[in-house]
Enquirer: 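Would you mind keeping the following structure in view while I ask a few things?
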Amino acid sequence: MTPTPPGWAGEEPLVFELGRDYLGGPREVASGVPEPPLGELLAGVALRSVPAAIPALPEPVLARHIGRLARRNHHLHHGIYPLGSCTMKYNPVIDEQLASLSGFADIHPDQPVDDVQGALQLMWELERILTELTGMARFTLQPAAGAHGEWTGLRMIQAYHAAGGDTRRTRVIIPDSAHGTNPASASLAGLEVVTVRSTRDGTMDVTDLRSRIDTSVAAVMLTNPNTLGVFEKDILEIAEVAHQAGSLLYYDGANLNALVGIARPADMGFDVVHLNLHKTFSTPHGGGGPGSGPVGVAAGLTDFLPVPTVERDGEHFRLDHDRPRSIGKVRAHYGNFGMLVRAYAYLRAYGSAISRVAEDAVLNARYLEWRLRDLFPTAVGPQCMHEFVVTTRGTRVPGLRALDVGKRLLDHGVYAPTVYFPTTVPEALMFEPTETESKRSLDQLADILAGIVAEAERDLSLLQSSPHDTPIERVDEVEAARHPLLRWLPEA
Amino acid sequence: MTPTPPGWAGEEPLVFELGRDYLGGPREVASGVPEPPLGELLAGVALRSVPAAIPALPEPVLARHIGRLARRNHHLHHGIYPLGSCTMKYNPVIDEQLASLSGFADIHPDQPVDDVQGALQLMWELERILTELTGMARFTLQPAAGAHGEWTGLRMIQAYHAAGGDTRRTRVIIPDSAHGTNPASASLAGLEVVTVRSTRDGTMDVTDLRSRIDTSVAAVMLTNPNTLGVFEKDILEIAEVAHQAGSLLYYDGANLNALVGIARPADMGFDVVHLNLHKTFSTPHGGGGPGSGPVGVAAGLTDFLPVPTVERDGEHFRLDHDRPRSIGKVRAHYGNFGMLVRAYAYLRAYGSAISRVAEDAVLNARYLEWRLRDLFPTAVGPQCMHEFVVTTRGTRVPGLRALDVGKRLLDHGVYAPTVYFPTTVPEALMFEPTETESKRSLDQLADILAGIVAEAERDLSLLQSSPHDTPIERVDEVEAARHPLLRWLPEA
Amino acid sequence: MADRVRRSEEREQSAAVPGQDPPGTRTGYLPNGPDERRQMLEAVGAASIDDLFATVPEQLRHLRLDLPAPLAEQDLVTELERLAARNRPLGSLDSFLGAGVYRRYVPAIVRATVARPEFYTAYTPYQAEASQGTLQSIFEFQSMICELTGLDVANASLYDGATAAAEAVMLAVAHTGRDRVLAAADLNPEVLSVIRTFGGGRRVEVITSGDIRAATSQHACVVVAQPGFLGTVTDGAAAVEAAHAAGALAICCIDPFASALLASPGEQGFDVAVGDGQPLGIPPSFGGPHLGFMAVRQPLMRRIPGRLVGMARDHAGRRAYTLTLQAREQHIRRERATSNICTNHALMALAATVYMARMGAGGMRRVAEVSIRRAHHLAERLTRLEGFSLVEPDRPFLWEFALRVPGGADRFAAAMREAGILAGLPLGRIDAGRSDQLLVCCTETTAPAAIDSYVRAAERWAAGSRVAASQGAAR
Amino acid sequence: MADRVRRSEEREQSAAVPGQDPPGTRTGYLPNGPDERRQMLEAVGAASIDDLFATVPEQLRHLRLDLPAPLAEQDLVTELERLAARNRPLGSLDSFLGAGVYRRYVPAIVRATVARPEFYTAYTPYQAEASQGTLQSIFEFQSMICELTGLDVANASLYDGATAAAEAVMLAVAHTGRDRVLAAADLNPEVLSVIRTFGGGRRVEVITSGDIRAATSQHACVVVAQPGFLGTVTDGAAAVEAAHAAGALAICCIDPFASALLASPGEQGFDVAVGDGQPLGIPPSFGGPHLGFMAVRQPLMRRIPGRLVGMARDHAGRRAYTLTLQAREQHIRRERATSNICTNHALMALAATVYMARMGAGGMRRVAEVSIRRAHHLAERLTRLEGFSLVEPDRPFLWEFALRVPGGADRFAAAMREAGILAGLPLGRIDAGRSDQLLVCCTETTAPAAIDSYVRAAERWAAGSRVAASQGAAR
Ligand SMILES: Cc1ncc(COP(=O)(O)O)c(C=O)c1O
Ligand SMILES: Cc1ncc(COP(=O)(O)O)c(C=O)c1O
């Protein structure tokens, strides 16, 4: 490989190396008012002794810095992003433009309700659509992400049991294949985690569940389809088991893309549901967030929703803060409203055709799984929903590792699938193409993977040292963790 | 070099290869009116027999196509763009956002004037600023680019002479170093071109001018500083010579960036001036356009301005179409208004500090010239204004060609300077850094060039086969011209 | 302590603009501060900035310009928003204005694309290796224009439809060596007057005629519009026949949506098609920047003005795009170039390319259809009112029609404007003989409710003019 | 001929949504058409789409959902613009609302950056090699937050200032093993109630007190705000001293602009600083998405929740950035993670990073200063009016102040709103005892003319309430 030129892919300095002007800055507005010395206005107040070492970069310098950083990112407008469990679907451009309308972006949460009727109506209508899609009685739109929703839901479940005088329920049952946020959220809510095994077909082991459930269990938490991309076929039985033990059933909606418009969590017996609008309803991931994780509840739990709720009186919308059984506030204000606008726009674009999303998501996954059938063994058989897990164990190439396949994909302008998750599958590669990839794109990915396996058969080291054509090669992670360098230092 | 991966830099299919759907398309609005068969509404009209082969691409497919094409462009947010004569200065982001305000973008040229007072005021004020900066009496903002402005200016000069009963003036004097549009515009105006030599110091040869000027000359066209980046030191004498012969003096304002706020064409004796807003006043180049080329005239020529002009009556602004001596219309409507908004915003940001632009533009050029002093001989000595021309003739490396240096720069994320222009200098490299490059960026460019020359001394072939790290290598231009393939063909 | 900081800021002050600027703040978009400036001046051996301009005669320098104070970005926004607020956007009215500039829906992805710095901050793609994005998109644009017009070669863009028409005429003049032009009387008047100004320099005589069959062997070309300025469909085949019979070129000024639906210029035998691509994803913007396009038959390839992008191979055999056939252009041929055009409207061509790729031929056709249906529906309802009639009732029209209104078109339009309706272009402004006529346009952005409002307001006007007429009779 | 085309379109129809859809049109954002779908179904051996869902019990399927019809993009815009128009943007009013959410000027480059698909369509940067852009920008964000707060380690973002404060409390609880929290009485009430909800699950007791010195050895931490909710400056050093004396952590909820001007939390001795970065280039957006940030001292590094980006080397020795110390996080540690956070607010952190890099510490300080000057000027003028006074006249304040108004704050605010002025937050909504008080805010976007309007309107109100009072007295 020729050395990476500074131009197309070379190192980019830090903001701190591009300027040292900690005192200047862009031209500022005139105050337009009398200007007594600041010391008079802030008598006795301790001011900074030295300015923060944050340089003011002239716009041309900053713009180029941003332009060069932008080019160092894989993103959806560049190539497929088949990260399993993450639902990296296309984010409609119009939704970005709509969310930035001043009527949405430039409104304050403390404005009089008459000033924000459109915002409240949007939230009210979005809540109605989400209830229709899930069968739940009501939703809170407040949680900022899936994990936040999980914790909010668990807090409501705690409140529900407590309100029934049942204070012994301190445990949550979670399958071994669950996403890490499930146990972490339980723990943050002060609940203890009980893990239930999966069967060989990847679904929850109902026998194991029966053996572990008792009156100490506040909730059973499930993802459906689960993180292996398999529909929990025994879901109705699981619901019965949970409910009979007095437990509630919690739905981690991260995988709703497989079922949206096809089947509803409420009908499966779920009592509490969180949705990831940044997955199923296409609000962008933003390099890590923001997301939005609304939580829906069955009729018996609506009293516990966080305050405020959005209510409609005829043609008028209002916020209801006066809910005495509420778990309280889970964040400031009313939710990631900008994300709600995007999700609402997305849902209105599909409207009654929303099931087409799930249909194509599943068809795409099933097709890609089929295309890869001779390359990698699947974890649990070939009947996936919107995503599937394969393993590099047992392929034609001994020593082939999931990580190396993922890294080599980067050289082809394809992001790696989720690797080593779920943790129940060794050397897992978890593919979720989503419905917004074309057949052409899936065929391309399958061809690239076939090429990689063939290449690995010839020379595994090429994979092991990959990627080669990305802005950087593999990072020395061990050293990074051993001597963490987490910030620029002025004197460094 | 490893083969370019399809991901980071590989070939991108054409739109026509990404879809074949010539009949479908995105969901459309309902007409909301009765829908008789179209044949009834268009009785007897010949409709297309086959649809145009323009496919409708689903948004995710199109977005990725655009994203991948975008990455294949050098641009100002990626690296320096030192194209001489092109003034590739930074384009402020705010100007883009302001031009897209609905109050500017969503107005129709035929709206009643009361609906567009803000637009007319903006144009009126912009005209005032341009007259202040140039000393001309009035401007037309209509021409869409510099060349369009040149032709418009020459048409006014023709009208001026004709109005004075002087119809024998059919020739234009243009220096040999002039930009190609100058003679081409003259020719389009029906004028004959007379070329005047430059002296060794790069300025116009006044003796040669005197020998060629006579009563057949309608105008002398000059760029100042000229295309060698040299101020026409004899400009006042040239003006006298031209005027004494009854000729007018035309200013190609492409290089005003060297002088804006420092000196004015009117004071130098110019009668007609065009400005390139897409150079001096930072409206973006857009991959080739649109630009904007307003033309200013001295008091004696204002009658000939294209219709309409923008006039102010007290607080009210209007369009004046009733100008009997006008040369008529040079384009539809009133100008590239969106560009005028950007230029106006730019000029208001600098306001009375506008001379800082010229100061830094010249300082940057002079500094870069100084940094390159030992690498390349300059064409005409080291006292450049905003740009300078060097040559690869007579460097340490025999056989070093301007083209090869330019191509090798591309490997470093730097665009090539203008090469082989002006045509009066063999193997010319024409650098115009502009005022929006930092010293750091200029030092980097100088270092890269030093590296390239050193490399060439060792191995010229590396340059001759460059670029290596761009999305494509050199193109077979001869073959391209011999068998021009100018469009995709459905059956190709 | 704040004061200590303040004092050290004063260092930064040196080169700042005089006046009330707070220390350390910077004006405009200049990356170099006083330190860099000092270092650079020293390096080049200049004692001061003034020294740099020593070659400029002293008497020309030291201007005292009357310019407003520099503005902070925030103040700039306030200032420009104030001006923008003094305009009434079409979106805040019910607009029926067309006449060559159309309010069509611009898909979000079109707007987002032209806002990308990779495209808008790039220059003309001289260095193909670092400009494949722009080059490929232009190649796609050329291909689409060829598809749309049914012709063989399209260029990378011209300024607007009017200058494109003028360039086409110049092409015909050069090609035939003739100096007369026969233009249909119903060309857009803006287009016609630009043709005249272009022709003027080279002493080309432009004759308009209602009868396009009047072409003779002195004519370089026949120019017609599809649709005509008044929205009606032109018999292109007849124009082509007449032109070719006279040995002249046949030029068609075509609306791109007309081309998506009707028999294309190529299909009808035209030699050159030009037009304005504004309706293809470009906002009205008070008349510009819009997009001139031109397509010609193969034999005219080397006469086409402006840039051309070709598909080729790079040295590694990869597909590559590059500017080609540059020997036609000003930077090579100077006074013998086919045109003086250099900067063109590439970014607008990109907008049109993305628009067409999003909509496809099918989507564009449906946009045309919905526009036609709405216009016909409106025309039908209006002409039921007393005193309202079509100016050309016997000619088929697309989405625009000339309407005769009672009581004067200017007064009618003013009254409608009071009701928030831009009723159309009063044609008396262009032709005094048409002061009772209005050019009315519908597009896919014309809401059905706006059509209802138009009809209701026209009803009121009709009633009013009935009263006025009867009062006039009584008087 | 049009009909021939029409008929062939019907092929495309097969999988379309039932109803009035024209043939061939596509709904939503699905790239595959009926042909591709057919091929794929065949390949996987499914007879129909329905077959794909065979593992879902029959009784759960075949929903009949009550959802609106799909919308074309143009109709979607109409619909959403209609809703947006039912809101009154702050820019169309004279706004003096703050209370934790500020209308600060957002530089154009900030808006343009977060609109770039390279950033907004990327995922959490798991694969460092293909995510250097996001990773480096987060590293820069972390560094800036450290600089701003004067602390050692900052994370890659949290949801908002309120959850950041709650996470800080959880960190203190875990770190100290104690379960009581002493919170200043003037914490933002939103922040305080979120801390309570977070604490509730783990049975952490949150006590508020006006006297922060009440910290004991049972307290995990002391939490104060800079400035306090009512805009006044907090004596951070005193809080730190009290906390540390009790062996508790000192946590500061800080406004980033306060941190640009005042002695930083680090300088004052705090262990943890949290806050909301919304004022750093993020629009109010009705309360979200905003930006939680957190910085801690070095010894607390491994307790910090959320992602951390570190600078490292790649195998070729180049500088590289990567997610690091992941053993704190849920995907590794599951129930023993420091927090459950996964998705964070990275794009908002990018906005803040670009904002800070554009403004610099100096620019931010001047923004703070102009806000302070305006607020003090307004306060000064208002308190000259009869019946108006500062609630805390003896404490220095920054750009917000609590104002006592005659006649009831709610009524006053409503009357001001009639005049187009958002006069501030009526504090009675939060604390019934403060129904005569209003929290008033000025920023650099508060036009001096708006201040004049406020004073004039308040004068009218004062006059009116004098009249009312005298009438009341007369009655
Ligand atoms: C199955 C599952 N559950 C929960 C989550 C957590 O959601 P969030 O990242 O929005 O907090 C994820 C996210 O990746 C997930 O895939
Ligand atoms: C010196 C000079 N004159 C004229 C022009 C023509 O301007 P435009 O490209 O805007 O037509 C240019 C453009 O490059 C130029 O550099």
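Chain A is the first sequence line, chain B the second, and so forth, proteins listed ahead of strands; every chain is numbered from 1.
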Enquirer: Side chain, backbone, both or neither: which part of D:V77 has a heavy atom under 4.5 Å from chain A?
Expert: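 Looking at D:V77, backbone and side chain both touch chain A.
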Enquirer: Between D:T324 and chain A, with a heavy-atom cut-off of 4.5 Å, which part of the residue counts as in contact: side chain, backbone, both or neither?
Expert: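 D:T324 touches chain A through side-chain heavy atoms alone.
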Enquirer: Measuring heavy-atom distances to chain D, does A:M268 have an atom under 4.5 Å in its side chain, in its backbone, in both, or in neither?
Expert: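 Both parts, heavy atoms under 4.5 Å.
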Enquirer: Can you say whether A:E150 sits under 4.5 Å from chain D via the side chain, the backbone, both, or neither, judging by heavy atoms?
Expert: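 For A:E150, there is no contact with chain D at all, as no heavy atom is under 4.5 Å.
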Enquirer: Distance from D:Q142 atom CD to A:R487 atom CZ, nearest 0.5 Å?
Expert: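 D:Q142 CD to A:R487 CZ: 10.5 Å, rounded to 0.5 Å.
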Enquirer: Report yes or no: does A:D110 contribute a side-chain atom to a donor-acceptor pair with the main-chain N or O of D:L425 at less than 3.5 Å?
Expert: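 Checking the backbone N and O of D:L425 against the side chain of A:D110, no donor-acceptor pair under 3.5 Å is found.
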Enquirer: Would you find a donor on one side and an acceptor on the other, under 3.5 Å apart, between the side chain of D:E335 and the backbone of A:A184?
Expert: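 No, because the side chain of D:E335 does not come within donor-acceptor range (under 3.5 Å) of the backbone of A:A184.
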Enquirer: Counting only non-hydrogen atoms closer than 4.5 Å, does A:L154 touch chain D with its backbone (N, CA, C, O), its side chain (CB onward), both, or neither?
Expert: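 Neither part, no heavy atoms under 4.5 Å.
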Enquirer: Taking all non-hydrogen atoms of both residues, which atom of D:P448 and which atom of A:G32 are closest, and how far apart?
Expert: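 That closest heavy-atom pairing would be CG-CA, 3.8 Å.
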Enquirer: Before you tell me yes or no, could you show the steps for A:Q111 and D:R88 under side-chain hydrogen bond (donor to acceptor under 3.5 Å, both in side chains), namely the whole-Å CA-CA distance, both residues' side-chain angles and the distance that decides it to 0.1 Å?
Expert: CA-CA 9 Å; A:Q111 275 182 265; D:R88 283 297 302 270; over 6 Å; no
Enquirer: Is any side-chain heavy atom of A:E477 closer than 4.5 Å to a side-chain heavy atom of D:T322?
Expert: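 Side-chain contact under 4.5 Å: yes.
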Enquirer: Quick one: does any side-chain atom of A:R264 pair with a main-chain N or O of D:L60 as donor and acceptor, under 3.5 Å?
Expert: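 No, the answer is negative, given that no donor and acceptor are paired below the 3.5 Å cut-off.
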Enquirer: Does D:D314 reach the main-chain N or O of A:R474 with its side chain, forming a donor-acceptor pair under 3.5 Å?
Expert: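 Answer holds: no.
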Enquirer: Is A:L101 close to chain D through its backbone or its side chain, or both, or neither, when contacts mean heavy atoms under 4.5 Å?
Expert: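 Only the side chain of A:L101 comes within 4.5 Å of chain D.
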Enquirer: Quick check against the 3.5 Å criterion: does D:T121 have a side-chain atom that pairs as donor or acceptor with the backbone of A:L76?
Expert: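 A pair under 3.5 Å: yes.
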Enquirer: When only pairs under 4.5 Å are counted, which of A:S355, A:A481, A:S441, A:G328 shares the most heavy-atom pairs with chain D?
Expert: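 With the most close heavy-atom pairs to chain D, the winner is A:A481.
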Enquirer: Could you check which of A:S438, A:A480, A:G406, A:P306 has the highest count of heavy-atom pairs closer than 4.5 Å to chain D?
Expert: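 Looking at each option in turn, the highest pair count goes to A:S438.
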Enquirer: Quick check for you: among D:A54, D:A337, D:P57, which has the greatest number of heavy-atom pairs under 4.5 Å with chain A?
Expert: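 It is D:P57.
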Enquirer: Can you see which heavy atom on A:R48 is nearest to which on D:E147, and at what distance?
Expert: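 That would be NH2-O, 3.1 Å.
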Enquirer: Go through D:F286 and A:Y334 one step at a time and tell me if the ring pair (Phe, Tyr, Trp, His ring centres under 6.0 Å) criterion holds.
Expert: CA-CA 8 Å; D:F286 205 43; A:Y334 324 125; 5.0 Å; yes
Enquirer: What part of A:I94 is in contact with chain D, defined as an atom under 4.5 angstrom from a non-hydrogen atom: side chain, backbone, both or neither?
Expert: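 Only the side chain of A:I94 comes within 4.5 Å of chain D.
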Enquirer: At a heavy-atom separation under 4.5 Å, does A:P467 approach chain D through its side chain, its backbone, both, or neither?
Expert: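 For A:P467, the side chain is the part near chain D, not the backbone.
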Enquirer: Checking D:E118 side chain against A:A70 main chain: does a donor-acceptor pair fall under 3.5 Å?
Expert: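 Absent.
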Enquirer: Which answer fits A:A43, side chain, backbone, both or neither, if we ask what part of it has an atom under 4.5 Å from a heavy atom of chain D?
Expert: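 Just its backbone gets close to chain D.
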Enquirer: Counting only non-hydrogen atoms closer than 4.5 Å, does A:D360 touch chain D with its backbone (N, CA, C, O), its side chain (CB onward), both, or neither?
Expert: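 When you check distances to chain D, only side chain atoms of A:D360 fall under 4.5 Å.
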Enquirer: Tell me, side chain or backbone of D:R116 under 4.5 Å from chain A's heavy atoms, or both, or neither?
Expert: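 Interface part for D:R116: side chain.
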Enquirer: Counting heavy-atom pairs under 4.5 Å with chain A, which one of D:V370, D:V233, D:V56 comes out on top?
Expert: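 Ranked by contacts with chain A, first place is D:V56.
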Enquirer: Sort A:R155 into side chain, backbone, both or neither according to what part of it lies under 4.5 angstrom from a heavy atom of chain D.
Expert: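 Contact with chain D: side chain only.
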Enquirer: Distance-only, no hydrogens or angles: does the A:R331 side chain make a donor-acceptor pair with backbone N or O of D:V194 under 3.5 Å?
Expert: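 No.
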Enquirer: Tell me, side chain or backbone of A:E96 under 4.5 Å from chain D's heavy atoms, or both, or neither?
Expert: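 Contact with chain D: side chain only.
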Enquirer: Pair D:R103, A:H108 - check side chain to side chain contact (heavy atoms under 4.5 Å, CB included), show working.
Expert: CA-CA 8 Å; D:R103 185 167 197 264; A:H108 192 287; over 6 Å; no
Enquirer: For A:I262, is it the side chain, the backbone, both or neither that has a heavy atom under 4.5 Å from a heavy atom of chain D?
Expert: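 Both parts, heavy atoms under 4.5 Å.
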Enquirer: Quick one: does A:E132's side chain have a donor or acceptor within less than 3.5 Å of a partner on D:D66's backbone?
Expert: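 Checking the backbone N and O of D:D66 against the side chain of A:E132, a donor-acceptor pair under 3.5 Å is found.
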Enquirer: Please lay out, stage by stage, how D:T55 and A:Q383 fare under the test side-chain hydrogen bond (donor to acceptor under 3.5 Å, both in side chains).
Expert: CA-CA 8 Å; D:T55 51; A:Q383 295 299 299; over 6 Å; no
Enquirer: Considering only NZ, NE, NH1 and NH2 on the basic side and carboxylate oxygens on the acidic side, decide whether A:E479 and D:R313 come within less than 4.0 Å.
Expert: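 Looking at A:E479 and D:R313, the cut-off is not met.
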Enquirer: Chain D heavy atoms under 4.5 Å from A:F104: which part of the residue, side chain, backbone, both or neither?
Expert: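 Both backbone and side chain of A:F104 come within 4.5 Å of chain D.
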Enquirer: Does A:D106 reach the main-chain N or O of D:G91 with its side chain, forming a donor-acceptor pair under 3.5 Å?
Expert: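 Yes, the answer is positive, given that a donor and an acceptor are paired below the 3.5 Å cut-off.
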Enquirer: Looking at D:R318 and A:E473, is any side-chain nitrogen of the basic one under 4.0 Å from a carboxylate oxygen of the acidic one?
Expert: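 Looking at A:E473 and D:R318, the cut-off is met.
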Enquirer: Just by modelled atom types, is the A:K329 backbone N or O under 3.5 Å from a matching donor or acceptor in the D:T197 side chain?
Expert: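 Pair found, side chain donor or acceptor close to backbone of A:K329.
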Enquirer: Check whether any side-chain heavy atom of A:V15 lies under 4.5 Å from a side-chain heavy atom of D:M144, and answer yes or no.
Expert: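 A side-chain contact exists here, since the closest heavy-atom pair is under 4.5 Å.
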Enquirer: Using the side chain to side chain contact (heavy atoms under 4.5 Å, CB included) rule, take A:Y350 and D:Y29 through it: C-alpha gap first, then chi angles, then the decisive distance, then the call.
Expert: CA-CA 9 Å; A:Y350 277 105; D:Y29 309 99; 3.7 Å; yes
Enquirer: Begin with the C-alpha distance, continue with both residues' side-chain angles, and end with the deciding distance and a verdict on side-chain hydrogen bond (donor to acceptor under 3.5 Å, both in side chains) for A:H65 and D:E140.
Expert: CA-CA 12 Å; A:H65 180 60; D:E140 293 176 344; 2.9 Å; yes
Enquirer: Considering all heavy atoms of both residues, which atom of D:T27 and which atom of A:A353 are nearest to each other, and what is their separation?
Expert: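 Taking D:T27 first and A:A353 second, the nearest heavy atoms are CG2-CB, 4.0 Å.
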Enquirer: With a 4.5 angstrom heavy-atom cut-off, could you sort out which part of A:L57 is near chain D: side chain, backbone, both or neither?
Expert: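 Answer is both: backbone and side chain atoms of A:L57 are under 4.5 Å from chain D.
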Enquirer: Could you walk me through whether D:E267 and A:S49 pass the side-chain hydrogen bond (donor to acceptor under 3.5 Å, both in side chains) test, one step at a time?
Expert: CA-CA 9 Å; D:E267 211 171 335; A:S49 51; 2.7 Å; yes
Enquirer: Does any backbone or side-chain atom of A:Q158 lie under 4.5 Å from a heavy atom of chain D? Answer side chain, backbone, both or neither.
Expert: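 Contact with chain D is through the side chain of A:Q158 alone.
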